[in-house]
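First up is the structure itself, then whatever we jot down about it.
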Protein chains: 2
Amino acid sequence: MSKSLLELTPVQAVACCSPVTRDPLSAEAAERIAPLVKAIADPVRLRLLSLVSSHADGEACVCDLNDAFDLSQPTISHHLKLLHEAGLLEREKRGVWVYYRVNAGALSDLATLLGGVTA
Amino acid sequence: MSKSLLELTPVQAVACCSPVTRDPLSAEAAERIAPLVKAIADPVRLRLLSLVSSHADGEACVCDLNDAFDLSQPTISHHLKLLHEAGLLEREKRGVWVYYRVNAGALSDLATLLGGVTA
DNA sequence: TATCTATATTGACGGATGTCGATATGTGGT
DNA sequence: ACCACATATCGACATCCGTCAATATAGATA
């Protein structure tokens with residue numbers, strides 16, 4: 001049996017829908033999609049996503065990421081958590097270090113949803 | 001001569017950049033892109049965009065849009081203003097009514113920026 | 001066990017955001 | 001001129017969000 005909607009990340013909960021520009025979005029669908037968009041609606045999180053994605057081997061250690069910002073370590077940790085909970089970043093602990101990598105399909109699913117397909 | 005960056009809508013200010021997933025985003029670029037993403041990071045605004053886009057002739061009157069929500073008229077007006085200022089909706093007054101239509105390229109530019117291209 | 005380092009969590013604070021009711025503005029009809 | 005209607009703006013309020021300093025947790029090493 002499939003997992004409850006409530007156990008899915010925003011990305012998983014949204015992977016089904018047609019682009020926003022083709023059919024009127026139901027209130028329920030909009031409520032599912034919005035948190036995913038909110039997750040990337042911040043300059044720090046956009047840069048984090050970009051840094052991880054373009055990093056060697058497609059993954060980056062938190063220690064590398066901290067250095068790229070003039071922000072406290074807890075703040076970066078907070079943003080990484082939000083991206084992870086949204087399903088956009090995957091988290092792997094290796095020894096003392098934590099590595100993040102982008103969930104490959106997630107961003108493109110989102111892009112499709114936003115109407116890239118109808119261009 | 002070209003207009004100042006400050007006079008451009010977020011969409012115009014961003015139309016130049018490569019996808020977020022390919023190169024590390026500069027802090028400045030991230031600060032330009034984030035407001036655009038924020039503009040669609042709300043369930044009401046997502047539905048507004050979707051309603052306008054999928055409406056007959058690609059345009060919708062504010063009076064139609066108000067009826068689709070259990071929200072006050074000023075609230076819908078507020079969200080439409082945000083979408084317009086972001087460059088995602090165009091506004092045209094005809095008589096007493098105001099019609100909005102989606103800026104055709106804007107959403108797809110945004111989708112491309114978010115990495116749809118690298119899928 | 002003790003200690004050092006990497007990362008996460010907590011609690012607090014200021015500023016941004018979504019919503020409303022009241023009001024203003026603008027347009028057409030009488 | 002006046003009124004009715006469509007839309008926008010204003011001011012207030014509650015909630016959410018980004019940030020920090022302080023602290024907790026967990027792994028490695030001695």
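Since the model is a prediction, treat every value here as computed from it, not as a measurement. First the proteins, then the strands, lettered A, B, ... as listed; each starts at 1.
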Just how far, in rounded Å, is [atom2] of [N] from [atom1] of [X]?
X	N	atom1	atom2	result
A/Asp67	C/dT5	CG	C1'	14 Å
B/Phe69	C/dC20	CZ	P	12 Å
A/Glu92	C/dA8	CD	P	13 Å
A/Glu85	C/dT9	CD	C1'	12 Å
B/Leu48	C/dT19	CG	P	10 Å

Find out whether [X] and [Y] are in side-chain contact, i.e. whether some heavy atom of one side chain is under 4.5 Å from a heavy atom of the other.
X	Y	value
B/Phe69	B/Leu51	yes
A/Arg91	A/Val98	yes
B/Ser54	A/Asp23	no

Legend entry - Summary of protein contacts for nucleotides 6-19 of chain D, nucleotide by nucleotide, where a base hit scores B, a sugar-phosphate-only hit scores S (4.0 Å, heavy atoms): SBBB--------SB
Legend entry - Donor-acceptor contact below 3.5 Å, side chain A/His84 vs main chain A/Leu89: yes
Legend entry - Salt-bridge criterion met for B/Arg94 and B/Glu59 (N-O under 4.0 Å): yes
Legend entry - Exercise: identify the closest heavy-atom pair between A/Lys38 and B/Ala41: NZ-O, 3.0 Å
